[in-house]
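In each ligand, atom 1 is the first atom listed, and ligand 1 is the first ligand listed.
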Amino acid sequence: MATVPSLAATVHQRVSDALSAALPEAASADPLLRRSDRADFQANGMLALAKQLKGNPRELAAKVTEALPAHDENAVIANIEVSGPGFLNISVADKAIMENLVARQRDERLGVPYKDDPGTTVIDYSQPNVAKEMHVGHLRSTVIGDAIVHLLEHRGEKVIRRHHIGDWGTNFGMLIQYLIEHPHELDHESDTAGAKDAGEAAMARLNRLYKSSRALFDSDEDFKSRARDRVPALQGGDPETLALWHKIVDESKTYFQGVYDQLDVEIRDPDIVGESAYNDDLQQVVKDLEESGVAVRSEGALCVFFEDVKGPDGTPTPLIVQKSNGGFGYAATDLAAIRNRIGELKADTLLYVVDARQSLHFRMVFETAQRAGWLPEGAARQLPFGTVLGKDGKPFKTREGETVRLVDLLDEAVERAAAVVREKADESVGEDEIQQRAQQVGIGAVKYADLSNSMTRDYVFDLDRMVSLQGDTSVYLQYAYARVNSIFRKAGELEPVPRPELELAPAERALALHLDAFGDTLVTAADEYEPHKVTAYLYELATLYSRFFENCPVLKADTREQTENRLFLCDLTAKVLHQGLALLGIRTPERL
Ligand code: ARG
């Protein structure tokens, strides 16, 4: 394993060194290096610096240029010139580019660095609710959370996953009471084969239970009060009540796993630590908050108040930790979870991948935990995401105004993908193969669309666009990957061999420099929790690859050396596409 600094990083360092040699008083100034079309890189930092020092930017830039050669060991910089009002245009040597790529290709991590100071992050994501269907909001949390887990782990961070499922609360009183009175409600004949079918069957039973118990609850006052009395029995740990509760939770987990299976994400049972897990800590949370004065009794409820959180009429809106009837809610559980994650799991960072509509809740919960001394300042962070919209621009619903079932949506994505795949595939490809590719294309498309939008923005769920071969889609990237493979199938005995002595054509340079930026991209995406930086990078990579492919014949290049060198670029492109997409949870079929 060897970390390979990018050429951008090396050039940045060289220019910084030259800058401080030329102007010791500006030793810590940032040269502001960017990729550029005119040269390989452009440094704009001299402008601001000259302004600050009341000097002439072109003269300053010239001084830096003079100081450079002395600092440029291994001849990375091939050319540097002052341009415009005082920019530096910098080109790097072809040989330096190729040598960097060779070092990447030799390393199984492609030269991407580990974090210097890895810590422990607890990430709260994919938290559906028991006895309910999963919807597009849960899709976002699952897909984004899964990508962030991979990105952080890839950086060497210790990541603990927590699926804070909604498995507790007053609703369960109704469901359990109904089961006590109708013991066969969840019975079924035999287990269905396959996670997906088993999951759907389980959800169907839960839906039936929910509907029947709800109907009785709404129409029969006696049942309603028996259902209410069931809640303290659950919270108090009555064995019969708990056993039935377990049955309901297990049915739901069967359903969740079916969806996860279809979505091709790995969710492990021990990481499913739902709201119920904190039940025993809630009394202590309340006691500590009340004794320390962080929370106060108001009209019987235990509340935490905030200067800046007020309702429309100006009265403060508190965070309610315990209701006046003694019941605990969502907030109490989240506070107990923070104590567990910081205190027991020893997390340095807490992340919450949750809908932006819950931002106020988290702000109040974090602030409360800080006041109580349970949470260091800045250690917790919500990664809020926007709403999934229908084509009408309104929150995604069925025509009847109901929440869209995630499974239906995924099925449809795979079906559309099958059409695209069938169209591309030649006759020799069998139906099984088509279905398998369609699965990887359809699910990839849904994930990619979700990740490629900046997280906080709402986005329109448009399957036609998602599975399109054109544009910023995973299919386009998967297609680029498949195309590289097809070159290798045709290459015969020709092998990828880097030839650093060759001069690079413009389309080769552009591709090569972009390949070299993979590590820098992963570092920023992980450190800033922004998977969409990876999608943007990969899209650009596929675009540059197709430009290279059009302009630079690979198997029919002028010389054998050139073919070998181009095959090397193809090979590295495939590796980067594969690793990048894998980190996002997206598969790369060998053929499309
Ligand atoms: N179950 C909740 C929902 O479906 C999300 C839970 C978010 N996580 C948390 N720690 N509160 O909206």
Side-chain angles (χ1 to χ4, degrees), residues 121-146 148-149 159-172 175 203 206 210 248-249 252-253 255-256 259-260 263 265 267 271-279 281-282 285 304 319-321 328-345 347 349-370 374-375 379-388 395-397 402-407 450 455-456 458 529:
T121 294
V122 173
I123 178 170
D124 183 313
Y125 71 104
S126 195
Q127 323 92 333
N129 300 313
V130 163
K132 295 200 182 136
E133 295 268 4
M134 288 175 77
H135 55 70
V136 279
H138 300 126
L139 169 79
R140 292 216 76 182
S141 177
T142 305
V143 169
I144 296 170
D146 187 54
I148 292 178
V149 166
V159 181
I160 301 176
R161 312 161 190 209
R162 280 292 172 265
H163 309 294
H164 195 82
I165 60 170
D167 62 356
W168 210 233
T170 45
N171 246 349
F172 287 93
L175 300 174
M203 192 64 235
L206 287 168
Y210 187 84
I248 298 173
V249 173
S252 264
K253 284 190 179 171
Y255 161 70
F256 297 153
V259 178
Y260 292 139
L263 200 52
V265 287
I267 301 285
D271 300 329
I272 303 182
V273 181
E275 295 177 23
S276 63
Y278 306 97
N279 187 48
D281 305 338
L282 300 181
V285 164
V304 184
L319 181 76
I320 298 176
V321 183
F328 301 102
Y330 194 48
T333 311
D334 264 326
L335 288 166
I338 290 182
R339 294 223 305 192
N340 170 264
R341 292 168 190 184
I342 298 281
E344 317 282 323
L345 301 179
T349 309
L350 303 184
L351 298 177
Y352 294 79
V353 187
V354 184
D355 194 311
R357 288 170 287 191
Q358 294 189 31
S359 292
L360 181 59
H361 165 78
F362 283 107
R363 186 151 74 81
M364 297 200 286
V365 165
F366 296 164
E367 172 76 38
T368 301
Q370 260 173 47
W374 302 333
L375 177 69
R381 183 161 159 187
Q382 184 196 359
L383 303 175
F385 53 78
T387 308
V388 181
F396 200 48
K397 292 267 150 77
E402 286 182 32
T403 320
V404 182
R405 286 162 21 109
L406 195 48
V407 274
D450 206 298
M455 217 187 295
T456 48
D458 297 348
Y529 312 120

Worksheet entry | Sidechain-backbone polar pair: Asp458 side chain, Thr387 backbone, donor-acceptor under 3.5 Å | yes
Worksheet item: Any side-chain heavy-atom pair from Arg162 and Ile160 closer than 4.5 angstrom?
Response: yes
Item to complete: Would you check if the side chain of His163 reaches a backbone N or O of Ile165 as a donor-acceptor pair within less than 3.5 Å?
Response: no
Worksheet item: Near Asp124, which atoms of ligand 1 are under 4.0 Å from a heavy atom of that residue?
Response: 8 (N), 9 (C), 10 (N)
Item to complete: If you have a sec, work out which protein heavy atom is nearest atom 6 (C) of ligand 1 and how many Å separate them, to one decimal?
Response: Tyr330 OH, 3.2 Å
Worksheet, complete the sentence: Under 4.0 Å between heavy atoms, the region of Asp334 that gets near ligand 1 turns out to be side chain
Worksheet item: Is the shortest heavy-atom distance from the side chain of Arg140 to the side chain of Val388 under 4.5 Å?
Response: yes
Worksheet item: Counting distance only, does the side-chain N/O of Ser359 pair as donor-acceptor with the main-chain N or O of Ala356 below 3.5 Å?
Response: yes
Discussion item. Side chain, backbone, both or neither: which applies to Asn129 and ligand 1 if a contact is any heavy-atom pair less than 4.0 Å apart?
Written reply: side chain
Practice prompt. For Val354, counting its heavy atoms only, list the atoms of ligand 1 lying under 4.0 Å from any of them.
Written response: 7 (C), 8 (N)
Discussion item. For atom 2 (C) of ligand 1, what's the nearest protein heavy-atom neighbour? Residue, atom name and distance, please.
Written reply: Gln127 O, 3.7 Å
Item to complete: Compute the minimum heavy-atom distance from His138 to ligand 1 and say whether it is under 4.0 Å.
Response: yes
Discussion item. Whether the side chain of Gln382 engages the backbone of Asp355 through a donor-acceptor N/O pair (distance < 3.5 Å, no angle test) should be reported.
Written reply: yes
Discussion item. Main chain of Val130, side chain of Asp167: is a donor-acceptor contact present, judged purely on distance under 3.5 Å?
Written reply: no
Item to complete: Could you list which atoms of ligand 1 come closer than 4.0 Å to a heavy atom of Phe362?
Response: 9 (C), 11 (N)
Practice prompt. Could you list which atoms of ligand 1 come closer than 4.0 Å to a heavy atom of Gln358?
Written response: 12 (O)
